[in-house]
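See structure below.
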Amino acid sequence: MPGAVRANESVAALLTEYAELLALTGGDPFRARVYEKAARSVAGHATDVTRLSSAELRKIPGVGASIAEKIEEFVHTGAIRAVDELRAKVPAGVLAMTAIPGLGPKTAMLLYEKLGIDSVDALESALDAGALAGMKGIGPKTAANLRHGIALSRAQTGRFTVDVATRTALDIVEALRALPECERCTYAGSLRRKRDSIGDIDILAAAQDPRPLMRRLVELPIVTEVIVAGDKKTSVRTVSGLQVDLRVVPLASWGAALIYFTGSKEHNVRLREMAVRRGLKLSEYGLFTVDTDELIVSETEEAVYERLGLAWIPPTLREDRGEIEAAAQGTLPILLTEQDIQGDLHTHTNLTDGVSTLDEMVAAARARGLAYLAITDHAKNLPMQRMTDAKMLRQREQIRSMDAGDMVLLHGTELNIDPEGDVDWDAEFLAGFDVCVASVHSHFTQSSDDMTRRFIRACENPYVHIIGHPTTRQIGRRPAVEADWDAVFEAAGRTGTAMEINAYPDRLDLPDELILRAKRHGVKFALDTDSHSTVHFGHLPFGVGQAQRAWLTADDVITAWPLPRLREFLQAKANR
DNA sequence: GCCGTTTTCGGCCCGACTGTTTTCAGTCG
């Protein structure tokens, strides 16, 4: 059955590829869109498509008779003939060319058909040889842009972590707000939706005369390149390679514009479809009647949602993952907030690889108003940390004798899950800790089956309360390990083991999609900062963002519980 | 190819910017 990659994701990838191939080969553009929509909906579908009947498949939004048939074909044969046939018509390199900024399906296909250009490398050679001169629709400017686009796509190091993006966005917002012409300014886009990584920054501002704001943006010292410059929209690139889009609208359009620029694209498409069904038209300038073009609402997000029959939807939910239906029915969840967080169960001191002392960490946690704090330095099997039994016991005594005021101090450790799923100490020693986090710190490349068994064995250990940063991914540097996550989460739910939501911006682990899947298995979550310094407690909002994106409430998160309830949860595990 | 609180057929989200096409196509978000 489903391994690391669910059949749903394989099907979604094939449907997406089919949509891209359809766009390349021309024909009905609406067909391509239907396949894209079906791909998203299959990827987000809770039930494995291999277990669904034809009738059940057709109940997935966007899946009709034809796509259901293709999914069934995939389930039975592992492939879809229609996809294979289109693949045979268009070299993979032509599809890859559309990843170059500014080069879409039409141009890619034109270059392939007229000049036989079938890869990014071939395009570069053709540009060098001047072979594009005289091509219809491609002048000297376009050729130069393509050359630039190739360089950009090669230099692309991926997406940016949320801490870097947040800092950049706040600096720009502050600079624009300082202008007297600026009536309002904020960031929107994926940063407002609190995605786990950020591709570019969207800034929205309101002003009667946008020109001073546009000028200010392009003149900022961090700006190295102006990509587009208009009266309503300006795009620039910063020294770090981050693209920043600034849109300026009249203040009266603020609400509609903020919805539009917050996205996601899929969420906005759904809203516009709802508007159309009501004889209305939604754009960034407001909600209008179609026939008379009369403005109905635009000033606030709430007013626009309300006129569409919806409750206001928190930005972290705007991914077309069921939030629109919930808003229509009044069943949106009361999301976890930063204020709900009572404690932190994963922190380090300079006894291992932290940089702050125990005293400093305790003082910082108290200053943040935490009700409880667990110190969880690394266990002995991570040799570079030089941990010993004696050091650990000495730290425990130190913690037991400390006065932390109203805050309760817990003594814990971050255990290492070895390749077989065992941890650093025996039951007797483990029993002395108040709380144990257990994490994978080595052997990241085990097979999915081995890794799955490893995690399940760790969950079945009565002294392991929390699985730390489960996928071990490091955003932009190291991929997630492979495992059958549904099997792991089933074990976590069954044994009362919490899964961590690690708030460290390079990790954000579990990621939101996996949190959603884990919740279906009845799993509870430990939202921790994994602080290695007093300043890292400030990473909490990034973790809260992931929890919100996964629809979590305070009841789902054990670090949002008061200490007595948390202690019951920890105790229940040992008593199983 | 999908879909229906107008519809089982005729629609399908909307607008900005660029470059080159003298009126708009392509790309992007």
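Just so we're clear, the structure is a prediction, and the values are computed from it rather than from any experiment.
- Distance A/Leu282 CG to B/dG15 P: 10 Å, rounded to the nearest Å.
- Among the protein residues, A/Ala275 comes within range of no part of the nucleic acid, since none of its heavy atoms lies under 4.0 Å from any strand.
- Taking only side-chain nitrogens and oxygens, A/Thr142 comes nearer than 4.0 Å to OP1 or OP2 of B/dT20.
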Solution key, residues 98-114 of chain A side-chain donor-acceptor pairs under 3.5 Å, sequence neighbours excluded:
from    : atom 1 : to      : atom 2 : distance (Å)
A/Thr98 : OG1    : A/Leu95 : O      : 2.6

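- Comparing the same atom, P, in B/dG29 and in B/dT22 gives a spacing of 27 Å after rounding to whole Å.
- One interatomic measurement links the two molecules: CD1 of A/Ile67 to P of B/dC2, which rounds to 5 Å at whole-angstrom precision.
- Each of A/Lys37 and A/Ile227 has a nearest nucleotide on DNA chain B; the 5'-most of these lies closest to A/Lys37.
- B/dC9 and B/dA16: their P atoms are spaced 37 Å apart (whole Å).
- Residue A/Phe261 contributes atom CZ, which lies 12 Å from atom P of B/dG15 at whole-angstrom precision.
- Judged purely by distance below 3.5 Å, without hydrogens or angles, the side chains of A/Glu323 and A/His267 pair a donor atom with an acceptor atom.
- Contact annotation for A/Asp28: base contact, defined as any heavy-atom pair under 4.0 Å involving a base atom.
- In this structure, A/Ile71 places its CD1 atom 13 Å from C1' of B/dG1, rounding to the nearest Å.
- A donor-acceptor contact shorter than 3.5 Å is absent between the side chain of A/Asn268 and the backbone of A/Lys265.
- Across B/dT8 and B/dC2, the matching C1' atoms stand 12 Å from one another, rounded to whole Å.
- With a 4.5 Å cut-off on side-chain heavy atoms, A/Thr166 and A/Leu191 count as touching.
- Here A/Ala65 lies in heavy-atom contact (under 4.0 Å) with sugar-phosphate atoms only.
- In this structure, A/Leu246 atom CG and B/dC17 atom P are separated by 11 Å, rounded to whole Å.
- Remark: the separation of the C1' atoms in B/dG1 and B/dT6 is 22 Å, to the nearest Å.
- Annotation: side chain of A/Arg192 is in contact with side chain of A/Leu258 (closest heavy-atom distance under 4.5 Å).
- Across all strands shown, B/dT8 has no partner, as no Watson-Crick or G-U wobble contact with both distances under 3.5 Å is found.
- B/dT6 has its base anti relative to the sugar, with a glycosidic angle deviating from 0 by more than 90°.
- Using a 4.0 Å heavy-atom distance criterion, A/Lys281 is classed as a sugar-phosphate-only contact.
- B/dT18 and B/dT23 have their C1' atoms separated by 15 Å, given to the nearest Å.
- Side chain to side chain, A/Asp486 and A/His521 meet the donor-acceptor criterion of an N or O pair below 3.5 Å.
- Using atom P as the reference point in both B/dC17 and B/dC12, the two lie 24 Å apart (nearest Å).
- Remark: P of B/dC12 and CG of A/Leu22 are 20 Å apart, rounded to the nearest angstrom.
- For the 3.5 Å distance criterion, the side chains of A/Gln474 and A/His469 fail to qualify, holding no donor opposite an acceptor.
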Check: Could you run down nucleotides 24-29 of chain B 5' to 3' and tag each one B, S or - for protein heavy-atom contact under 4.0 Å?
Finding: --SSSB
Listed pairs under 3.5 Å, donor-acceptor, residues 325-336 of chain A side chains, sequence neighbours left out:
from     : atom 1 : to       : atom 2 : distance (Å)
A/Glu325 : OE2    : A/Arg270 : NH1    : 3.2
A/Glu325 : OE2    : A/Arg270 : NH2    : 3.0
A/Thr331 : OG1    : A/Ala326 : O      : 3.4

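- Distances shorter than 4.0 Å separate none of the side-chain N or O atoms of A/Tyr35 from OP1 or OP2 on B/dC12.
- Counting to the nearest Å, the P atom of B/dC14 and the NE2 atom of A/His267 are 16 Å from each other.
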Checklist line | side chain to side chain contact (heavy atoms under 4.5 Å, CB included) between A/Val236 and A/Ile227, intermediate numbers included | finding: CA-CA 5 Å; A/Val236 299; A/Ile227 301 164; 5.8 Å; no
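- Separation of the C1' atoms belonging to B/dG15 and B/dG10 is 24 Å when rounded to the nearest angstrom.
- Atoms CZ (A/Phe30) and P (B/dC9) sit 19 Å apart, rounded to a whole Å.
- Within the nucleic acid shown, A/Leu271 has no heavy atom closer than 4.0 Å to any nucleic acid atom.
- The residue among A/Pro61 and A/Gly230 whose nearest nucleotide of DNA chain B lies closer to the 5′ end is A/Pro61.
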